[in-house]
Amino acid sequence: ETAPDLVGTLNAVLQAEGLEGIPLAVARNYIGQGAKKMIENGFEANGKPISPERAEELMPIFLKHYEERITLETHIFPNLLSVLDELALGGWEFAVCTNKHERLARIILDDLDLTKRFVAITGGDTFENKKPHPDHILKTIALTSSLPEDAIMVGDSISDIDAAKSAKIPVIAVDFGYTPVHVKELGPDIVISNFDQLKSAIQSVKPNLLKA
């Protein structure tokens with residue numbers, strides 16, 4: 001759950017520009033399309049539309065603020081660790097495929113003591129293309145010992161879902177992530193509301209892969 005620190009960063013940028021901060025409940029829906037889009041949405045919410053060029057100019061400031069507070073309030077979602085432990089015992093590998101800059105993603109995972117759980121960690125700047133391009137997922141899988149036909153994407157955004165579909169990989173969506181519309185409207189294979197539902201979701205989309 002990275003929303004509190006991302007929104008805190010956005011609000012620091014907005015306030016430095018003389019604008020009002022955006023409540024977390026509203027601004028968390030800006031997450032998932034990149035920091036530049038967050039900035040544009042924040043200005044729009046203040047009735048002050050910003051040009052893409054100016055938003056791009058503010059990106060280094062956004063990233064500097066974000067790195068300074070990157071895990072101040074960020075935390076692990078409930079039941080994630082227990083289900084990862086259980087799946088790992090069944091031989092599953094885990095990888096991170098995020099549109100965050102890889103370096104920032106690694107800082108977060110290090111701070112939360114999660115890095116050791118993942119055999120591959122890739123960001124939006126790791127390869128030539130990022131989600132929703134399918135190459136981002138496929139090249140991440142290539143860094144593991146698994147094959148695309150044995151993979152499942154777990155995500156929460158249109159970028160996750162569209163990338164998985166283009167890569168012909170089943171996608172399980174969580175409904176507690178970052179999207180302005182309900183994630184079920186984005187067409188995932190199945191939606192879960194808690195990570196304790198992940199194993200049953202895997203059974204639904206790839207029953208031959210889940211060991212008893």
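- In this structure, Tyr178 contributes its side chain and Ala3 its backbone to a donor-acceptor pair below 3.5 Å.
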* To do: Give the intermediate values and the outcome of side-chain contact (heavy atoms from CB on, under 4.5 Å) for residues Phe195 and Leu81.
  => CA-CA 9 Å; Phe195 278 118; Leu81 298 185; over 6 Å; no
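- In summary, of the residues considered (Asp110, Asp111, Thr2, Asp5), a side chain to side chain donor-acceptor pair (under 3.5 Å) with Thr71 occurs for Asp111 alone.
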* Asked: Met38 and Phe62: side-chain contact (heavy atoms from CB on, under 4.5 Å), yes or no, with the steps?
  -> CA-CA 10 Å; Met38 282 192 73; Phe62 183 100; 4.2 Å; yes
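- The only member of Leu80, Leu84, Asn79 that meets side-chain contact (heavy atoms from CB on, under 4.5 Å) when paired with Ser82 is Asn79.
- For Arg117 and Asp85, the salt-bridge test passes: some basic side-chain N is under 4.0 Å from an acidic carboxylate O.
- When all heavy atoms of Pro52 and Lys36 are compared, the pair lying nearest together is O-CE, 3.3 Å.
- At a threshold of 4.5 Å between non-hydrogen side-chain atoms, the residues Asp156 and Thr179 do not count as touching.
- The two residues Thr140 and Cys97 make their nearest non-hydrogen contact at OG1-SG, 3.8 Å.
- With hydrogens and angles disregarded, a donor-acceptor distance shorter than 3.5 Å links the side chain of Asn194 to the backbone of Asp196.
- A donor-acceptor pair is defined here as one N or O able to donate and one able to accept, closer than 3.5 Å; no such pair exists between the side chain of Asp189 and the backbone of Ile172.
- Summarising the local packing, CD of Glu20 is surrounded by 12 or fewer heavy atoms from other residues, nucleotides or ligands at distances under 6.0 Å.
- With hydrogens and angles disregarded, no donor-acceptor distance shorter than 3.5 Å links the side chain of Lys139 to the backbone of Thr122.
- The distance from the CD1 atom of Ile121 to the CZ atom of Phe94 is 13.0 Å, given to the nearest 0.5 Å.
- A 6.0 Å sphere centred on CD of Glu149 holds more than 12 heavy atoms belonging to other residues, nucleotides or ligands.
- Nearest approach of Ile161 to Ala173, heavy atoms of both residues: CD1-CB, 4.3 Å.
- A salt bridge links Arg28 with Glu1: the closest approach of a Lys/Arg side-chain nitrogen to an acidic carboxylate oxygen falls below 4.0 angstrom.
- Minimum heavy-atom separation, Glu93 to Ser145: OE2-OG, 2.8 Å.
- The backbone N or O of Ser200 sits less than 3.5 Å from a side-chain atom of Ser204, completing a donor-acceptor pair.
- Between Ile108 and Leu104 there is no side-chain heavy-atom pair separated by less than 4.5 Å.
- Judged by distance alone, the side chain of Lys131 and the main-chain N or O of His136 form no donor-acceptor pair under 3.5 Å.
- Of the possible polar contacts, one joining the His133 side chain to the Asp135 backbone as a donor-acceptor pair under 3.5 Å is found.
- Counting heavy atoms from C-beta outward, Trp92 and Ile202 have side chains that approach closer than 4.5 Å.
- For Ser157, the side chain to side chain contact (heavy atoms under 4.5 Å, CB included) partners are Ser159, Asp160, not counting sequence neighbours.
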* Go through the steps for Leu63 and His101 under the test side-chain contact (heavy atoms from CB on, under 4.5 Å), then give the verdict. => CA-CA 10 Å; Leu63 293 174; His101 288 187; 3.7 Å; yes
